[in-house]
Structures are given as structure tokens and as C-alpha cells.
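Data first, discussion second: the structure below is written as C-alpha cells.
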Amino acid sequence: MTDYATLVELLRDRAQTQPQQLAYTFLADGSTESGSLTYGELDRQAKAIAARLQKMGISPGDRALVVYPYTAGLEFIAAFFGCLYAGVVAVADNPPRHDRAIVQLQERATAAEARVLLTTQALLDRLGRVAVEGETQPGLATDTLSAEEGNHWQEPQLDRHTLAYFQYTSGSTGTPKGVMVSHANILYNSEIIRQAFGHSTASQGVIWLPLYHDMGLVGGVIQPLYIGFPVTLMSPVALVRQPMAWLHAISRYRATTSGGPNFAYDLLCRTTPEQRQGLDLSSWEVAFSGAEPVRAETLARFAEAFAPYGFRREAFYPCYGMAEATLFVSGGTKAEAPVVRYADGAALEENRVRFVAADAPGARSIVSCGKAWLDGEIAIVDPETLRRCGSDRVGEIWVSGSGIARGYWQQPEETERTFQATIADTGEGPFLRTGDLGFVWEGELFITGRLKELMILWGRNHYPQHLEHTVEKAHPALRVNCCAAFSIDADGEERLVIASEVERTALRKLAVDEIVSAIRQALVDRHMAEVWVIVLLKTGSLPKTTSGKIQRRACRDRFLAGSLDVVGEWRYHLGESSGISELADRLNGN
């Protein structure tokens with residue numbers, strides 16, 4: 001464990017002992033170096049920003065909204081540390097791309113009671129100032145400051161318990177929830193990642209994840225600083241526009257650590273051998289996958305596709321985490337191949353764990369997300385009785401450890417409910433209730449779904465990701481990782497709605513009836529589930545978080561509001577055959 005009490009102590013020590021050491025290199029377009037920072041340069045920039053905040057009367061403990069374009073990664077890093085150097089709580093957020101996003105940004109500024117907005121001059125000209133409870137707050141364009149301002153910096157009184165930043169939870173709906181993360185939380189989580197990933201000063205990172213997101217911030221900015229190894233950063237927009245830019249950066253910079261959500265690996269599987277020419281992925285030791293369900297099929301496809309270029313399946317590192325735990329909760333052992341189990345799908349829907357052969361009817365592959373590290377603990381708890389579950393039962397995942405954040409900013413009831421859970425019969429706790437469902441088998445954590453998104457259709461439990469996976473395979477016109485399954489109340493019953501993007505190439509001659517028929521039949525065959533509405537969406541329009549998670553609640557809200565970008569639609573009509581009766585006939589041999 002580190003002897004540093006805060007991130008400020010850590011960076012200042014790096015700047016004093018290794019001022020010329022390269023810390024961050026940024027590829028704005030995904031391939032061309034647009035700038036870099038050494039530890040000494042970052043220290044000077046952070047001091048200048050902190051000094052200006054102090055001059056503006058922003059006090060330690062005040063909140064500052066930190067919002068930068070994706071192409072201004074180095075400016076974001078300087079502003080983030082500038083807040084820490086002033087003892088100001090950084091509230092990092094997504095750069096708004098449309099008017100509705102600006103409204104959401106305003107909501108978070110109000111929720112955090114932000115005193116100032118830090119951004120670039122160009123974005124400040126567009127956003128103007130932020131209003132909090134009717135009062136207009138100033139903006140600070142950090143790219144206009146001179147390093148000399150840092151001469152006036154006054155070091156604040158900080159300790160390990162000082163709040164460093166708020167991390168707003170992915171896909172929050174309603175009142176924004178800001179997770180309060182302390183310096184102690186960050187340093188502890190950084191040590192977990194060091195041990196789990198096997199990092200050293202010889203490591204090299206390549207990260208494309210958004211820097212205001214917990215995986216990008218803790219994994220891509222803080223972890224390299226904590227260990228003292230260089231990292232190459234790129235805009236997430238570059239990944240979308242040029243997926244191979246990610247792998248070419250790994251090859252070029254001889255990266256040992258890189259990764260992202262499952263969808264990113266899926267995206268790379270669709271590239272051609274011509275696009276892969278010249279790759280050398282033999283340096284890649286930790287290919288982490290998290291933030292959304294890890295699919296065994298994706299791991300297999302990727303490993304097969306990129307084995308000729310030096311990629312080893314053992315490099316895959318499925319892991320599990322969340323903002324409420326700073327970032328990392330569980331992960332496997334470096335250099336060991338991912339553990340994949342096959343469970344009976346029908347049993348899982350009843351929260352029972354029954355392992356079967358991979359080719360057994362109804363078998364579902366589940367990838368292990370490893371174990372807890374250091375003082376972390378994982379408990380599987382019945383969400384109704386609040387008692388521990390046996391190893392053959394699915395329950396809610398509860399976690400504890402020094403990485404668990406303090407709670408949600410100014411939401412005491414929600415903080416108590418989520419962060420202060422205790423096991424009913426033993427009084428063990430406090431635990432963080434994750435809202436995720438899963439089980440532990442032979443010390444390995446397996447994720448099966450989300451508690452709040454569980455649907456009951458025709459008396460049976462259904463996890464939305466299982467239905468989505470089936471839909472994506474139903475017809476070639478449907479996009480992978482671009483489907484949302486959710487339920488609505490119709491005629492007093494819970495009804496299933498499927499919203500799925502279609503491939504761009506299928507838009508011109510969209511065979512709506514054919515696609516709808518394929519989806520309905522697949523859901524009946526695999527899940528005995530009747531679908532009420534199917535909406536086919538324009539390519540790229542399904543609501544997702546910046547880490548690639550499907551925003552099912554947001555999709556449901558837009559469906560009910562009629563604001564989805566629909567290119568084809570089907571709705572069930574009374575008297576119409578659902579397919580369920582035909583399935584029952586087949587099962588009965590009729």
C-alpha cells in the first residue's frame with residue numbers, strides 16, 4: 001500500500017522526483033499525437049488552476065463542474081488535478097452535444113451546488129455560465145491560464161478522508177446521484193488494481209474510455225500515476241469512427257494494459273483482415289472487460305480473430321465494478337484464461353444455479369468476474385429476506401471494503417438504503433447493495449442480471465439481457481449490443497417491449513414483417529415469452545451510457561413519450577396468435 005495520504009501528495013512527489021517523466025500522451029483523432037504531459041508539467045498546470053480558483057474565492061469543499069470536449073483530454077486532466085490542489089471537489093461530466101444534454105448538465109450542476117464551471121474557452125463560449133438555484137455561477141477557461149499563476153498557489157489542508165470528486169452514476173434518471181469519493185477510496189482502489197492487474201513501472205497503458213467516467217478516470221488517469229507508468233489516451237469518439245485505431249495504438253505503443261466494455265471487443269470482431277494488417281498485439285497482457293455483461297461468445301470470437309496478430313486468450317480479464325465502489329470490485333488472476341460456466345437457463349430464471357454441458361438445451365454461458373481483493377467481501381443475499389443465499393441460488397450482490405464510497409451527495413435516505421445494508425440474521429455489515437444479481441461458485445463471482453430490471457412475464461422471471469441476446473441473433477439486420485428489452489403496464493399486466501437498432505445497410509429496404517416475425521419466434525422458442533411491441537430503431541439511436549451500457553429506463557421513457565427514432569414498428573393486437581399456443585402444441589406433441 002502507498003504511504004501517500006492524498007492524490008495531491010502523490011503527484012507532487014512524482015513532479016519533484018521525476019519531473020521529466022512522460023505521464024500522458026493524447027491522440028485527439030485516435031492516431032496522431034496532439035500533446036503530452038510530464039509529471040512536472042501537470043504539477044505546474046494544476047497549481048495554476050488551483051491558484052485561480054483560490055483567487056476567485058472558491059473554498060476547499062466547494063464543488064466545481066469539470067466539463068471538457070473529448071478531444072481536450074490533457075486539459076481535463078489538468079483541471080481535475082487543479083481542483084484537487086485547491087481542495088475543491090471535482091464534479092466531472094459529459095461534454096454536451098445537444099440542447100437536452102445541456103439541460104442535464106445544468107441539473108447536475110444544481111444537484112452538486114457547483115460554484116464554478118471549468119472548461120475550455122471554446123466550450124465556455126457555447127455554454128456560458130451555469131445557474132445553481134437561480135444564481136449564475138462563473139466559468140473558468142483553464143486553457144487561457146499561464147503557468148506563472150501557480151506561484152500564488154496556497155496548499156490547502158487535506159487528508160485521506162477529504163472528498164476528491166463526485167462520480168455521477170451511469171444512466172441516472174430522475175434526481176442525479178453523485179457518489180462521494182475520498183482520497184482514501186481512490187488510493188485503496190488503485191492498490192487493488194495494481195495487484196489484480198500486476199502493474200509495475202514497466203507497464204504501458206492505452207485507454208480510450210471517457211475520462212470523466214469512473215473506468216476512464218480511475219483506470220486511465222489515476223492508476224498510471226499511482227504506479228508511475230506512461231499511458232496513451234485517445235478520444236472515445238475516435239473508437240466509434242475508427243475502431244481499429246484502438247488496436248493500432250496498442251500495437252504502436254506496445255501497451256500491456258487496455259480494455260473496455262464488451263461492445264468494444266464486439267466492434268473489433270467486425271473488422272476485416274485488411275484493416276488488421278501490421279498489428280502486433282503480443283505486448284497486451286491485460287485486456288480488461290467490464291462495465292456491462294461479459295459475453296463468452298465475444299471473448300471467443302475476438303481471441304480467434306486476433307490470435308494471428310499475437311493476441312492471447314489468457315490476456316482477457318473480465319472484472320466487475322461500479323462508481324459506488326470507486327471502480328474495481330472483483331477480478332480474476334492475471335495470465336489465466338477466463339472461467340466460463342454453463343448454466344440451465346430455465347433454472348436461472350427461477351434464481352437457481354444448475355450447471356449443464358455447453359451443448360445442453362437451454363444452456364447459457366456465464367463468464368466469471370473473479371474474486372474480491374484485499375479487504376473486500378462479496379455476499380450473495382436474498383433481496384426479500386436479506387439473508388445470505390446458498391451457493392446454488394442467485395441473489396443480490398452485496399459488497400464491502402475500503403473502496404466503498406461515502407454515499408450519495410445530499411441523499412441521506414438513499415445513502416442509508418444503498419450503502420448501509422446489513423444481513424438480517426447475523427447483523428453483518430455495512431454492505432453496499434449493488435442492485436446486481438449473481439452467485440458465487442468456488443470463490444468466483446458470476447453476474448446474471450439486474451434486480452430492478454427483472455421482468456415477470458406469464459409468471460416467469462426474465463432478465464432483459466437474456467432476451468436481448470436472443471433478439472440480436474434472430475435476424476442479420478439487427479445490430480449486436482444495440483437492443484433494449486423492458487416492460488410496460490398494459491391492461492393491468494406487465495408487457496414486454498423490444499427496441500432494437502437495425503444495421504445501416506438494412507435501412508434502405510427494411511423488411512419489417514420478416515424481422516418482426518423472426519424476433520417473435522426466437523423469443524417464444526428460447527424463453528416462452530410473448531412480446532407486446534417491437535420497435536426497430538435508426539442506427540446509433542438507442543440510448544446508452546458513455547461506457548456502452550444499454551439505458552433501458554431511458555429507452556422505456558422515450559418509448560412512452562414517443563421520442564424514439566423509429567424506422568419500423570409492430571404491436572400485438574387482441575385475437576392475434578402470439579406463438580405461445582403453437583409452442584405449447586409442439587411441446588405436447590400435437
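This is a predicted model, so every value here is computed, not measured.
- No side-chain donor-acceptor contact under 3.5 Å links Ser235 to the backbone of Ala28.
- A donor-acceptor pair shorter than 3.5 Å can be found between the side chains of Ser282 and Arg254.
- The shortest side-chain heavy-atom distance between Leu437 and Ile447 does not fall under the 4.5 Å cut-off.
- Residues Asn94 and Pro210 have side chains not in contact (no heavy-atom distance under 4.5 Å, counting atoms from C-beta outward).
- Looking at Phe486 and Arg553, their side chains never come closer than 4.5 Å, going by heavy atoms from C-beta outward.
- One finds a salt bridge joining Arg295 and Glu472 here, because a Lys/Arg side-chain nitrogen approaches an Asp/Glu carboxylate oxygen to under 4.0 Å.
- Between Tyr24 and Leu225 the shortest side-chain heavy-atom distance falls below 4.5 Å.
- Environment of CD in Glu314: crowded, with over 12 heavy atoms of neighbouring residues, nucleotides or ligands closer than 6.0 Å.
- Among residues two or more places apart in sequence or in another chain, the salt bridge (Lys or Arg N to Asp or Glu O under 4.0 Å) test is passed with Arg504 by none.
- Taking OH from Tyr68 and CD1 from Ile77, the interatomic distance works out to 11.5 Å, rounded to the nearest 0.5 Å.
- Going from atom OG of Ser400 over to atom CZ of Phe419 covers 13.0 Å, rounded to the nearest 0.5 Å.
- Aromatic ring centroids of Phe80 and Tyr212 lie 6.0 Å or more apart.
- With hydrogens and angles left out, the side-chain atoms of Asp93 and Tyr168 include no donor and acceptor closer than 3.5 Å.
- With a 4.5 Å cut-off on side-chain heavy atoms, Thr120 and Pro69 count as touching.
- Asn185 CG to Leu327 CG: the interatomic distance, rounded to the nearest 0.5 Å, is 12.0 Å.
- At distances below 3.5 Å, at least one donor-acceptor pair connects side-chain atoms of Asp143 with backbone N or O atoms of Gln121.
- In terms of the side chain to side chain contact (heavy atoms under 4.5 Å, CB included) criterion, residue partners of Thr271 (sequence neighbours excluded) are, by chain and number, Met244, Leu268, Gln275, Arg276, Phe306.
- Between Cys319 atom SG and Ile193 atom CD1 the span is 8.5 Å, to the nearest 0.5 Å.
- The environment of Lys334 atom NZ is dense: over 12 non-hydrogen atoms of other residues, nucleotides or ligands sit within 6.0 angstrom.
- Side-chain contact between Pro318 and Pro338: present, with at least one pair of heavy atoms (C-beta onward) separated by less than 4.5 Å.
- Between Phe311 and Phe302, the gap from one ring centroid to the other is short of 6.0 Å.
- Using a 3.5 Å distance cut-off with no hydrogens or angles, the side chains of Tyr39 and Asp13 do not pair a donor with an acceptor.
- A cation-pi arrangement is present between Lys177 and Tyr408, with the terminal nitrogen or guanidinium carbon under 6.0 Å from the aromatic centre and inside a 45° cone about the axis.
- Taking the six-membered ring for Trp, Tyr265 and Trp246 have ring centres closer than 6.0 Å.
- No side-chain heavy atom of Leu432 sits under 4.5 Å from any side-chain heavy atom of Trp398.
- Residue Ile207 holds its CD1 atom at 9.5 Å from CD of Gln223, rounded to the nearest 0.5 Å.
- Atom-to-atom distance recorded for Trp373:CH2 and Ser330:OG is 10.5 Å, nearest 0.5 angstrom.
- Using modelled atom types, one side-chain atom of Glu396 and one backbone atom of Gly435 make a donor-acceptor pair closer than 3.5 Å.
- Side-chain atoms of His248 and Ser31 form no donor-acceptor pair, as typed in the model, at a separation below 3.5 Å.
- For the pair Cys83/Val66, a side-chain contact is recorded, criterion being any heavy-atom separation below 4.5 Å from C-beta on.
- Under the 4.0 Å criterion applied to side-chain N and carboxylate O atoms, Lys371 and Glu377 are not assigned as salt-bridge partners.
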